[in-house]
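To start, the structure itself, in C-alpha cells.
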Amino acid sequence: MSRQPWLHDLQIAVDGPATVLSARDGSIGGGATGWYVDDRRLLKGLNLTLDAQQPTPVAASSVGASSRFWGAARHLGDAGPDPTVEVHQHLNACGHDLIVEITITSRAQSRVSAELCLDLIADATDLATIKGGDDPCSSVDVTLEPNTGWANDRHSTTVLCQPMAATINGNDHAGVRLTWPIRIDHGQHATITLSLRATRTNASAFDADAGSADCDWTDLPVKGDEEWQALVRTNLTDLQHLLQRDPEASQDIFVAAGTPWYLTLFGRDAIWAARMMLPYSGRLAEGTLRALARRQATTADPRSAAEPGKIPHEVRRTSYTESNFVLPTIYYGTVDATPLWIVLLHEAWTAGMPLTTVREFLPHLQAALDWMSTTVDQSPDGMLRYLDADGKGLSNQGWKDSGDSMRHADGSIATAPIALIEAQAYAVQAANGAAEVLDALDEPAARDWREWANQLSQRVRTRFWVEDGAGRYLAMALDAKSQPVDGVGSNMGHALATGLLTEPEEAQVAQRLMRADMLREFGIATLSSDNPAYNPTGYHTGSVWTHDSAIILRGLALAGFTTEADRVHEALVRLSTRNHHRLPELIAGEPVGNQPVPYPASCRPQAWAAASAAVLLTYRNHA
C-alpha cells in the first residue's frame with residue numbers, strides 16, 4: 001500500500017518554485033527528499049562520504065532558502081572522545097539553482113588526509129507521484145562529458161563544481177560520482193562548492209519565478225527579546241522565500257501556499273497571507289489581487305468547478321492527481337476565496353491603495369459580487385453553499401477541505417452541500433466592504449449590498465446558533481438538510497469582527513473558544529476534544545493549525561477581547577519557541593511532555609503559518 005511520505009524529520013529550504021528536502025545529515029535519498037523545481041524532482045540522491053564513511057550528524061537548521069548542517073568525521077583526526085574534524089554543509093535554494101557548499105575543518109594536531117566523494121542521482125519524477133507514495137526508479141540519462149548533467153521533457157540540469165573534481169564517473173544509479181583528495185592541516189579548512197542549475201526547456205503556463213528579491217522584510221523594526229525577534233525574523237524570512245512572480249506579469253508577486261506539496265498559487269492561502277501582511281506590504285496585497293483576478297472564472301465548467309466570477313482555489317503547472325481525483329491546471333473548488341478576495345480589496349484600499357488602482361479591479365469586483373449573489377439565490381435556505389457537482393474534486397471546499405472535517409456533535413460526518421459558518425461571515429464582510437468601495441467609486445448598488453449583508457446576517461443568526469451543556473455556540477455549518485452541523489469547532493472564531501454577529505454573540509463565541517476542550521497548549525483545536533470524532537492527529541478533527549489560531553487571535557483583538565487574545569498569543573509564541581521558531585502548518589492537538597507533536601506530512605514553511613508571525617507582531621505593537 002502506497003503512503004504519503006512524511007516530512008517532520010526533514011530539513012526544508014525553499015525559494016520561489018524550487019525547494020530542497022534533506023535528511024538531518026544533509027543527505028538526499030529516500031522518501032520525499034530531493035531537489036524540486038516546478039513540481040518536478042530533479043535530484044533524488046546527494047550523498048557525502050569521506051573515505052567511504054558518512055559523517056555523523058550533530059546539528060541542523062533551516063530558514064528560508066538555506067539549510068545548514070554540522071557533522072563530525074569521527075574516523076579522522078585525533079584519537080579520543082572529542083571529534084576533531086568537522087563537516088559543515090550548506091544547501092541553498094536560489095531560484096533555479098541549488099548551491100551545495102561543503103567545508104571540512106580540522107582541529108586535529110596532525111594533517112588530515114581523506115577522499116571526499118559526492119554521489120548524485122538524477123530524477124524526473126512529478127511531485128504528485130511522490131506525494132502519492134510512489135518512488136519509481138530513475139530513468140534519466142546522465143552526461144559526464146563534456147558537460148555534466150541530465151535532461152527531461154521539461155528541464156535541463158547542469159552540474160558545476162569548484163574546485164574541479166579529480167574524477168567524474170557514473171555511479172551504480174542514474175547519476176554521477178565526484179571525488180576530491182582532501183588534505184587539511186591543524187586549524188585549516190577545505191571547501192567544495194557544487195552548483196546545480198535547472199533550465200526550463202518546455203515551460204508550462206504557470207512556471208513562476210522566485211519573487212524573494214522583490215520584498216525584504218528583514219529591516220522591519222522588531223522590539224523585544226531574542227526569542228521574540230527570532231520568531232518574527234524566521235517566519236518572515238520563510239514567507240519571503242515563498243514569494244513567486246506571476247508568469248503573466250512578473251511585477252506582481254504572491255505567496256505560494258507551502259512546500260513541498262503546494263508550492264504554487266492557492267487563492268484562499270495567498271489572500272489570507274496577504275491580509276496578515278497588509279500592515280507591512282501593500283505590494284503583496286496588490287500582486288495577489290491581480291494574480292487571482294487574471295484567473296477569475298468567466299464561464300461555467302463542472303470539471304474545474306468554474307462559475308462566472310469565481311476566484312480560483314489553486315493553479316497547477318500540469319493536471320494534478322490528488323488521492324482519487326484529478327485536478328485540472330486551474331481548479332475553482334472553493335467557496336470562500338471569492339468573498340475573501342473582495343475583503344482583501346477593501347482592506348488594501350483602507351490601508352492606502354489609491355482609488356485609481358481600486359477602480360482597475362471594478363469589473364472583477366462586480367463579477368465576484370454577482371457570483372456570491374447567484375450562489376446564495378440558488379441555495380434553498382439562502383446560504384452560501386458548496387457542492388462538488390462533478391464528483392471528482394474536493395468534497396469539502398472551505399479551508400477544512402478533508403473529507404471527514406465536518407462533524408456533528410455525535411461525531412458523524414455531515415452530508416453536502418455544506419454551508420460553512422465562516423463562508424457566511426466572509427460573505428457578509430465582503431458585501432459591506434464592497435459597499436464602501438462602490439460608494440468611494442461613485443458606483444450604484446452600495447445600499448443594495450448593505451441590505452444583502454444584513455439579510456444574510458439575520459438568516460445566519462437564526463439558523464446557526466446551537467446549545468450544549470456549556471452554553472450557546474455557533475455550529476460549524478449547515479448540512480444538506482439545512483440542519484446545524486453542531487460539532488464544536490474552530491470555524492466559529494472566523495466570524496469574529498466580520499460584522500456578522502452582535503457584540504453579545506461575539507462574547508459567546510470568545511467564551512466558548514477559551515474552554516479547555518478548544519484552547520490547547522499551542523493554539524486552538526480544529527475540533528473539540530469532547531467530540532467522539534476527536535483525533536489529536538486528525539487533519540481537521542483535533543489538530544491545531546497555526547493560521548487558524550492566528551485568524552481567531554486577530555478577530556478577538558479587533559472585537560475587543562484582549563484577555564482572550566492574550567491567551568492565544570501566548571500559545572502561538574510558545575509554539576514558536578519550542579519549534580525552532582519556524583511556525584508549522586499544523587501540529588497534533590496534544591503535546592508530548594511540553595513539546596509540540598508534529599503533523600508528519602505538513603508543509604514547512606507554509607504561507608499562512610509563516611504570515612501568522614505578522615499577526616502576532618501587529619497584535620504586540622498595538623497591545
Side-chain angles (χ1 to χ4, degrees), residues 268 305 313 322-325 332-339 375-376 378-428 456 459-495 500-501 509 512-513 517-518 524-545 548 551-552 586 589:
R268 179 192 307 119
H313 171 59
E322 178 80 33
S323 300
N324 296 321
F325 53 89
Y332 293 86
T334 170
V335 74
D336 52 15
T338 305
T375 304
V376 168
Q378 292 174 346
S379 172
D381 53 9
M383 301 294 175
L384 190 66
R385 287 181 174 271
Y386 63 78
L387 175 68
D388 177 29
D390 185 57
K392 298 179 181 178
L394 293 169
S395 57
N396 281 321
Q397 297 184 0
W399 85 260
K400 293 181 179 178
D401 56 5
S402 55
D404 64 349
S405 62
M406 294 293 103
R407 298 283 185 160
H408 291 282
D410 64 3
S412 61
I413 298 176
T415 55
I418 298 289
L420 294 168
I421 182 60
E422 67 267 31
Q424 317 314 309
Y426 301 156
V428 168
L456 178 57
R459 290 194 296 272
V460 170
R461 290 162 50 218
T462 299
R463 303 296 299 276
F464 275 80
W465 283 103
V466 292
E467 191 168 355
D468 63 8
R472 293 179 78 230
Y473 63 96
L474 283 171
M476 62 176 69
L478 301 182
D479 64 12
K481 297 180 179 179
S482 293
Q483 295 302 304
V485 182
D486 55 352
V488 178
S490 60
N491 307 61
M492 70 179 88
H494 291 230
L500 175 68
L501 306 175
V509 170
R512 188 64 186 87
L513 291 171
D517 63 314
M518 288 300 295
I524 294 176
T526 46
L527 185 68
S528 166
S529 60
D530 294 337
N531 193 293
Y534 170 76
N535 175 5
T537 55
Y539 198 53
H540 296 121
T541 54
S543 61
V544 170
W545 287 65
D548 189 29
I551 289 171
I552 294 170
L586 71 154

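Bear in mind that the values here come from a model prediction, so they are computed numbers and not experimental data.
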Quiz item: Is T526 reaching over with its side chain to a backbone N or O of V544, donor-acceptor style, under 3.5 angstrom?
Solution: no

Quiz item: Looking only at atom types and distance, does a side-chain atom of S528 sit under 3.5 Å from a main-chain N or O of M518, one as donor and one as acceptor?
Solution: no

Gap separating the [atom1] atom of [X] from the [atom2] atom of [Y], nearest 0.5 angstrom:
X: L387; Y: Q378; atom1: CG; atom2: CD; answer: 11.5 Å
X: W465; Y: M492; atom1: CH2; atom2: CE; answer: 8.0 Å
X: L500; Y: F464; atom1: CG; atom2: CZ; answer: 8.5 Å
X: T541; Y: Y534; atom1: OG1; atom2: OH; answer: 9.0 Å

Please list, chain by chain and in numerical order, all residues satisfying side-chain hydrogen bond (donor to acceptor under 3.5 Å, both in side chains) with [X], sequence neighbours excluded.
X: D530; result: none
X: Y386; result: N396
X: S482; result: D381, R385

Would you say [X] and [Y] make side-chain contact, with heavy atoms under 4.5 Å?
X: V488; Y: N531; answer: no
X: M406; Y: L420; answer: yes
X: L501; Y: L474; answer: yes

Quiz item: Which residue pairs satisfy the salt bridge (charged side-chain N to carboxylate O under 4.0 Å, His left out) criterion with at least one member in residues 462-491, sequence neighbours excluded?
Solution: D468-R512

Quiz item: Among pairs that include at least one residue of residues 396-414, which meet salt bridge (charged side-chain N to carboxylate O under 4.0 Å, His left out), considering only residues two or more places apart or in two chains?
Solution: D404-R407

Quick check: closest heavy atoms across [X] and [Y], and the distance to 0.1 Å?
X: A533; Y: G411; result: CB-O, 3.7 Å
X: L527; Y: M476; result: CD1-CE, 3.9 Å
X: G403; Y: S395; result: CA-OG, 3.6 Å
X: G542; Y: A525; result: O-CB, 4.0 Å
X: A495; Y: A425; result: CA-CB, 3.7 Å
X: A475; Y: V466; result: N-CG2, 4.0 Å

Exercise. Would you list the pairs meeting side chain to side chain donor-acceptor pair (under 3.5 Å) in which at least one residue belongs to residues 416-427, sequence neighbours left out?
Key: E422-N491, Y426-H494

Exercise. List in chain and number order the residues that pass side-chain contact (heavy atoms from CB on, under 4.5 Å) with A427, two or more places apart in sequence or in another chain; answer none if no residue qualifies.
Key: M372, L384, W452, L456

Practice problem: For R461, check salt bridge (Lys or Arg N to Asp or Glu O under 4.0 Å) against everything at least two apart and list the hits. | Solution: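 Once residues adjacent in sequence are excluded, the partners of R461 under the salt bridge (Lys or Arg N to Asp or Glu O under 4.0 Å) criterion are E505.
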
Quiz item: Can you name the residues that form a salt bridge (Lys or Arg N to Asp or Glu O under 4.0 Å) with D336, not counting sequence neighbours?
Solution: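 Listed in chain order: R268.
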
Quiz item: Residues in ring pair (Phe, Tyr, Trp, His ring centres under 6.0 Å) with Y539, at least two apart?
Solution: W545, Y599

